[in-house]
Amino acid sequence: MSSFLGVPVDAAYHLVSGLTGILTPVLGGLAAVAAIVVFTMAVRLLLMPLSLRALRGQAAQARLAPQLVALRQRYGKQPERLQREMAALYKREGTSMFAGFAPLLLQWPFLSVMYLLFRSPTVGGTANTLLTHDLLGVPLGAHWLSGAGPASAQGAVFLGLFALLAGLCWLSARLGRLMTAQAAATKPATAAKPSTRPKPATKAKPVKGTQPASGAAGGPGLLVKALPYLTVVIAAFAPLAAGIYLFTSLAWSLAERMLYSRSAVTATDAEAGPLSAPTAVRAARGSLRSGPANPVSPVAPPAASVE
């Protein structure tokens, strides 16, 4: 464990251990699992403003994507002019190219602390007693491929966890596509106001050139579709306690996306009016069968960073 994260991991360990002691008279053997869930939800609640800010930034990137592609096609041979035009576009829209990434980066230390806590056999030079508790008879420090092996009662508990994680990953990827489609559907409504005189058809044709590009990327399409399930792969090589943390964190992220998506639809309905808003939502939902957008799981960065 790195010295940079050692102190916060030790502090988190004492908090979760204390919470386990409080819950033991009520929940018995499930107290440690409940403490992991409650502690993860509490930290994610504190980080929620950053998460929602990241979602707003990602929605802005999706909304501006066609305009950015048009700028690259127009000023591709003039790098300095392209940078100026892109900076002007971001400034005009009140966002930046890092709006969807910086808030996620700020969350990384907190998520890494939790992941390290639930996967480290020792904390502060002493044994991590949280991993000695169990779930359905399986120690929280057990791994899927160790002990009794995958074809056992212990393996069945892990497989159940993997199935739940895979379901959450699928829902998260589907919702991500919906949110991207909704952001793209609101773009013409905001972009049509400043330019009513010029022909919109001639402006849209260069942007259409991006669709063959995404289709041409059919080669790595399988990899893109598999990326949302990276969390399941991480859980397969982590202790059961870390898998429970990943499940809780991913479920929380999905709830945040649903909350943001509903609020975005409500805001779109208010701006677009009662006639045009249902059309935009219908178009967004109809585009879910196209390729995935923003598929990377929000809990994957901290997991990959602790190797």
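When reading the values below, keep in mind they use all heavy atoms of this one structure, side chains included, and skip hydrogens, waters and symmetry mates.
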If we check side-chain contact (heavy atoms from CB on, under 4.5 Å) with L50, which of these qualifies: L47, L46, L52?
L47

For L117 and Y245: C-alpha separation, side-chain torsions, deciding distance, then whether side chain to side chain contact (heavy atoms under 4.5 Å, CB included) applies.
CA-CA 10 Å; L117 170 61; Y245 154 70; over 6 Å; no

Check whether any side-chain heavy atom of F118 sits under 4.5 Å from a side-chain heavy atom of L246, and report yes or no.
no

Tell me, yes or no, whether the heavy-atom count around F110 atom CZ, taken from other residues, nucleotides or ligands under 6.0 Å, exceeds 12.
no

By side chain to side chain donor-acceptor pair (under 3.5 Å), T129 pairs with (sequence neighbours left out) Y13

Under 3.5 Å donor-acceptor, D134 side chain and G29 backbone
no

Please test M86 against L68 for side chain to side chain contact (heavy atoms under 4.5 Å, CB included), starting from the C-alpha separation and ending with a verdict.
CA-CA 7 Å; M86 290 175 62; L68 291 171; 4.1 Å; yes

Contact summary for L161 and I244, nearest pair of heavy atoms
CD2-N, 4.2 Å

More than 12 heavy atoms of other groups within 6.0 Å of M258 CE
no

Going by side-chain hydrogen bond (donor to acceptor under 3.5 Å, both in side chains), name the pairs with one or both residues in residues 143-153, residues two or more places apart or in two chains.
none

Run the side chain to side chain donor-acceptor pair (under 3.5 Å) test against R81 and tell me which residues pass, sequence neighbours left out.
Y75, E85

Can you see which heavy atom on A236 is nearest to which on F162, and at what distance?
CA-CZ, 3.5 Å

Taking the side chain as everything from C-beta on, heavy atoms only, tell me whether L168 gets closer than 4.5 Å to T231.
no

Closest heavy-atom pair, L27 versus A34, reported as atoms and distance to 0.1 Å, is CD1-CB, 3.4 Å

Is the closest side-chain heavy-atom distance between M48 and L259 below 4.5 Å?
yes

Write down the atom of S120, the atom of N128, and the distance for their closest heavy-atom approach.
O-ND2, 2.9 Å

Can you find a pair of side-chain heavy atoms, one from H133 and one from V33, that are under 4.5 Å apart?
no

Decide whether I22 and I36 are clustered together by the hydrophobic rule: side chain heavy atoms of Ile, Leu, Val, Met, Phe, Trp, Tyr closer than 4.5 Å, transitively.
no

So among L45, V43, V37, V38, which one has a side-chain contact (heavy atoms from CB on, under 4.5 Å) with M41?
V37

Residues L250 and C169: closest non-hydrogen pair is CD2-SG, 3.6 Å

Would S253 and R44 count as a side chain to side chain donor-acceptor pair (under 3.5 Å) here? Give the steps.
CA-CA 8 Å; S253 296; R44 293 306 304 264; 3.0 Å; yes

Under a 4.5 Å cut-off applied to non-hydrogen side-chain atoms, are M114 and L111 in contact?
yes

For residues L19 and F39, report the shortest heavy-atom separation together with the two atoms involved.
CD2-N, 4.3 Å

